[in-house]
Participant: 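Have a look at this one.
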Amino acid sequence: MTNFTPWSAMLGGVLIGLSASMLLLLTGRIAGISGIVGGLLRPMSGEAVWRAWFLAGLIAGGLALSVLHPASLGATPVPIGLAIAGGLFVGFGTRLGHGCTSGHGVCGLSRLSVRSLVATFTFMATGALSTYIVRHIVYGGQP
């Protein structure tokens, strides 16, 4: 957290909100990354193009940040293979549970959805517990 700046966090939040709003206005769809990626794996008619562009925008944004401001990404405390495996498990779990962290956290909360509030609280509590277990039990407090 040494690289945290409120301006970069605010800019990131504005860009996420803007992209979710544009997706809703242009397609009538609610942004949820696992749903968007899942829809690419089993595309329905007329759905693949906007899903591919949305995903390409996410990847391009990450690449642009890594080039323009690499220090903001920081170092990964776990091997990259474990980080990728963790991301795949999260994506599988959200598809299995018919919900997405980004869909509930960004779009659901802004629509004042109680279901999304409960889901987001559950995601955040589970993430905090997982972080505590990995950092303090698995790695014994060593970064």
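What you see is a predicted model; the values in this text were computed from it and never measured.
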Participant: Is there a continuous path of hydrophobic side-chain contacts, each under 4.5 Å between heavy atoms, that joins V134 to L82?
Facilitator: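 Yes; tracing contacts between hydrophobic side chains, which count when under 4.5 Å, links both residues.
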Participant: Does H136 NE2 have over 12 foreign heavy atoms under 6.0 Å away?
Facilitator: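 Enclosed: over 12 neighbouring heavy atoms sit under 6.0 Å from NE2 of H136.
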Participant: Would you find a donor on one side and an acceptor on the other, under 3.5 Å apart, between the side chain of R51 and the backbone of G38?
Facilitator: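 Looks like no, no N/O pair under 3.5 Å.
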Participant: Counting only N and O atoms by type, is there a donor-acceptor contact under 3.5 Å from the side chain of T126 to the main-chain atoms of F123?
Facilitator: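 No: the side chain of T126 does not pair with the backbone of F123.
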Participant: In the single-linkage hydrophobic clustering (I, L, V, M, F, W, Y; side-chain heavy atoms under 4.5 Å), do L129 and I137 co-cluster?
Facilitator: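 Result: yes, single cluster for both.
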Participant: Once rounded to the nearest 0.5 Å, what's the spacing between atom CG of L65 and atom CG of L68?
Facilitator: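 L65 atom CG to L68 atom CG measures 7.5 Å (nearest 0.5 Å).
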Participant: Taking C-beta and beyond as the side chain, do I36 and L23 meet within less than 4.5 Å on heavy atoms?
Facilitator: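 Result yes, sub-4.5 Å side-chain heavy-atom pair found.
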Participant: Cluster question for you: counting only ILVMFWY and a side-chain heavy-atom cut-off of under 4.5 Å, with indirect links fine, are W50 and I30 together?
Facilitator: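 They do not share one cluster, since no chain of ILVMFWY contacts under 4.5 Å joins W50 to I30.
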Participant: So which atom in S34 and which in G91 form the shortest heavy-atom distance, rounded to 0.1 Å?
Facilitator: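 Reported closest heavy-atom pair: CB-O, 4.2 Å.
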Participant: Could you report the tightest heavy-atom contact between A31 and F54, atom names first, then the distance?
Facilitator: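 The answer is CB-CZ, 4.1 Å.
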Participant: Drop me the distance from I33's CD1 to L58's CG, to the nearest 0.5 angstrom.
Facilitator: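 One finds 4.5 Å between CD1 of I33 and CG of L58.
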Participant: Could you give the distance from OG (S21) to CG (L26), rounded to the nearest 0.5 Å?
Facilitator: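 Those atoms lie 10.5 Å apart.
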Participant: Compare every heavy atom of S66 with every heavy atom of L63, then report the nearest pair and how far apart it is.
Facilitator: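 Heavy atoms of L63 and S66 come nearest at O-OG, 2.7 Å.
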Participant: Please name the pair of heavy atoms, one in L109 and one in G105, separated by the smallest distance, quoted to 0.1 Å.
Facilitator: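 Closest pair (atom of L109, atom of G105, distance): CD1-O, 3.4 Å.
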Participant: Is it the case that one hydrophobic cluster holds both V37 and F89, taking links as side-chain heavy atoms less than 4.5 Å apart, direct or via other members?
Facilitator: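 Each belongs to a different hydrophobic cluster.
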Participant: Search all heavy atoms of A20 against all heavy atoms of C107 and return the closest pair with its distance.
Facilitator: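 Looking at all heavy atoms of both residues, the closest pair is CB-SG, 3.9 Å.
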